[in-house]
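Reminder, nothing fancy here: chain letters follow the sequence lines and each chain counts from 1. Predicted, not measured: the structure shown is a model, and the values here were computed from it.
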There are 2 protein chains.
Amino acid sequence: MSAVEESWTRALERILELTVLLHQDAARGLARDGLTTSRATLLWKLREIGPAPQRRLAEELDVSPRNVTGLVDALEATGFVTREHDPADRRASLVTLTEHGASVVERLRRQRDELARDLFGAMPETRFDAFTAGLDDVLRRLHTLVAEEARAADGAAPS
Amino acid sequence: MSAVEESWTRALERILELTVLLHQDAARGLARDGLTTSRATLLWKLREIGPAPQRRLAEELDVSPRNVTGLVDALEATGFVTREHDPADRRASLVTLTEHGASVVERLRRQRDELARDLFGAMPETRFDAFTAGLDDVLRRLHTLVAEEARAADGAAPS
DNA sequence: GCAGGTTGGTGTAGCTTCTTCACGATGAGT
DNA sequence: ACTCATCGTGAAGAAGCTACACCAACCTGC
């Protein structure tokens with residue numbers, strides 16, 4: 001493997017290290033609010049799209065409807081959300097943030113912005129711009145790779 | 001929030017998107033080899049440090065010894081590792097890669113290098129260098145933040 | 001040489017996330 | 001009114017993780 005290739009591998013390794021650190025940091029912060037990653041993800045989505053039936057949440061979060069039932073059960077028991085009646089469909093229940101839930105999500109949002117400031121605030125603007133440009137490149141490449149892989153998987157085992 | 005601050009938040013969001021994509025991609029690839037993320041992490045560590053007692057693996061992976069027992073059980077049942085007798089300590093068992101396990105880990109290593117090439121190979125060198133420079137900055141910042149947080153937590157609840 | 005504390009691994013019990021399958025209740029189209 | 005699709009949930013189970021209890025084997029110090 002050439003020196004250039006090794007530098008690519010090292011860069012990927014550092015990205016993976018970053019993902020681990022971010023995940024750990026997030027999980028620890030959420031635990032302080034009595035939340036887990038999955039539950040917080042649901043709350044976050046709720047902040048984004050407003051009260052929603054569980055089916056919608058399952059699609060948005062890309063998990064099974066049954067899983068959403070469990071997450072909402074837990075969030076309801078701990079006072080983050082309530083299940084309201086959907087006036088338009090008696091089968092469905094509108095998952096809704098409580099006041100407490102909304103305030104916690106708002107705090108999470110502030111903490112995210114703080115983290116962004118802590119990470120990038122001290123970086124010279126030109127370096128920041130170069131970094132985000134490279135980041136966009138990587139994201140685009142990754143998106144196309146994932147799409148190609150999905151196509152290949154479909155071709156091998158068409159659903 | 002100023003425009004600059006918003007750009008920081010957007011950058012962080014894109015990093016988080018990257019972590020999600022990488023994690024999904026990795027999990028899907030591993031599933032094809034009959035592995036999960038946790039089990040693959042153990043195999044990877046084994047490749048790095050060679051045959052090791054479970055206690056050592058628990059420390060290296062930062063999980064409970066009990067958890068390692070379960071992971072090794074599964075990896076042993078699926079033929080990736082064996083538990084060898086430690087000649088120096090009859091309590092301990094040396095977790096050792098089988099031939100199959102070693103070849104799979106080797107393939108994982110190659111796939112990682114391929115991914116790195118796919119992600120960075122088409123990037124102009126100056127952009128790549130600028131990206132990794134920014135990445136290093138972010139990693140350093142994050143490391144110090146995590147360290148500070150750990151210190152604060154220790155101060156609040158000294159173990 | 002052996003009592004006493006330490007360490008390595010695992011049984012038990014439990015939580016969380018996630019899945020699939022089955023089923024009841026409701027909604028919607030013919 | 002009948003049929004079929006849809007919403008949510010019970011049941012069962014895989015996988016990762018934890019803490020606690022316990023045994024066997026190791027290591028000290030007398």
_I want to check one thing: is the phosphate of C:dC18, taken as OP1 and OP2, less than 4.0 Å away from some side-chain N or O of A:Ser38?_
yes
*Taking CG from A:Asp62 and C1' from C:dT17, how many angstroms apart are they, rounded to a whole number?*
14 Å
*Given D:dC7, is OP1 or OP2 found less than 4.0 Å from the side-chain N or O atoms of A:Ser93?*
no
*Could you tell me the separation between the CZ atom of B:Arg56 and the P atom of C:dG8, rounded to a whole number of Å?*
12 Å
*Ignoring backbone atoms, test whether B:Arg90 places a side-chain nitrogen or oxygen under 4.0 Å from the OP1 or OP2 oxygen of D:dC26.*
yes
*How long is the line joining NE2 of A:His85 and C1' of C:dA25, in whole Å?*
14 Å
*asked:* Determine whether a donor-acceptor pair (N or O, by modelled atom type, separation under 3.5 Å) exists between the side chain of B:Thr98 and the backbone of B:Gly79.
replied: yes
*Considering only side-chain heavy atoms of B:Arg66, which listed nucleotide, C:dT17, D:dA19, D:dA15, is closest?*
D:dA19
*Starting at the 5' end of DNA chain C and moving along, which residue's nearest nucleotide shows up first, A:Ala88 or A:Ala74?*
A:Ala74
*asked:* Measuring from the side chain of A:Ser64 (C-beta onward, heavy atoms only), which nucleotide among C:dT19, D:dG8, C:dT10 has the closest atom?
replied: C:dT19
_Minimum-distance nucleotide (side-chain atoms of B:Arg83 versus C:dG9, C:dT10, D:dT18)_ = C:dT10
*May I have the distance from B:Arg55 (atom CZ) to C:dT10 (atom C1'), rounded to whole angstrom?*
14 Å
*asked:* Rounding to an integer number of Å, can you tell me how far B:Leu57 CG sits from C:dG8 C1'?
replied: 12 Å
*What does B:Thr36 touch in the nucleic acid at a heavy-atom separation under 4.0 angstrom: a base, only the sugar-phosphate, or nothing?*
sugar-phosphate
*Count the heavy atoms belonging to other residues, nucleotides or ligands that lie under 6.0 Å from NE2 of B:His143, then report whether that count exceeds 12.*
yes
*Specify the residue among A:Pro65 and B:Asp73 whose closest nucleotide of DNA chain C lies further upstream toward the 5′ end.*
B:Asp73
*Given atom CG of A:Leu75 and atom C1' of C:dT16, what is their separation to the nearest angstrom?*
12 Å
*How long is the line joining CG of B:Leu61 and P of C:dG9, in whole Å?*
13 Å
*Considering all heavy atoms, the nearest B:Ala27-B:Thr37 contact*: CB-OG1, 4.4 Å
*Spatial distance of atom CZ (B:Arg112) from atom CZ (B:Arg117) [nearest 0.5 Å]*: 13.0 Å
*Write down the distance between CG (B:Asn67) and C1' (C:dT10), rounded to a whole number of angstrom.*
13 Å
*More than 12 heavy atoms of other residues, nucleotides or ligands under 6.0 Å from CD of A:Glu125: is that the case?*
no
*asked:* From the set D:dC26, D:dG8, C:dG9, return the single nucleotide nearest to any side-chain atom of B:Asp89.
replied: D:dC26
*asked:* Counting only side-chain heavy atoms from C-beta out, which of C:dC18, C:dT16, D:dC17 sits nearest to A:Arg39?
replied: C:dT16
_Any B:Arg91 side-chain N or O less than 4.0 Å from OP1/OP2 of C:dT7_ = no
*Under 3.5 Å, side chain of A:Glu76 to main-chain N/O of A:Asp73, donor-acceptor pair present?*
no
*Look at all strands and tell whether A:Val68 reaches a base, only sugar-phosphate, or nothing, counting heavy atoms closer than 4.0 Å.*
nothing
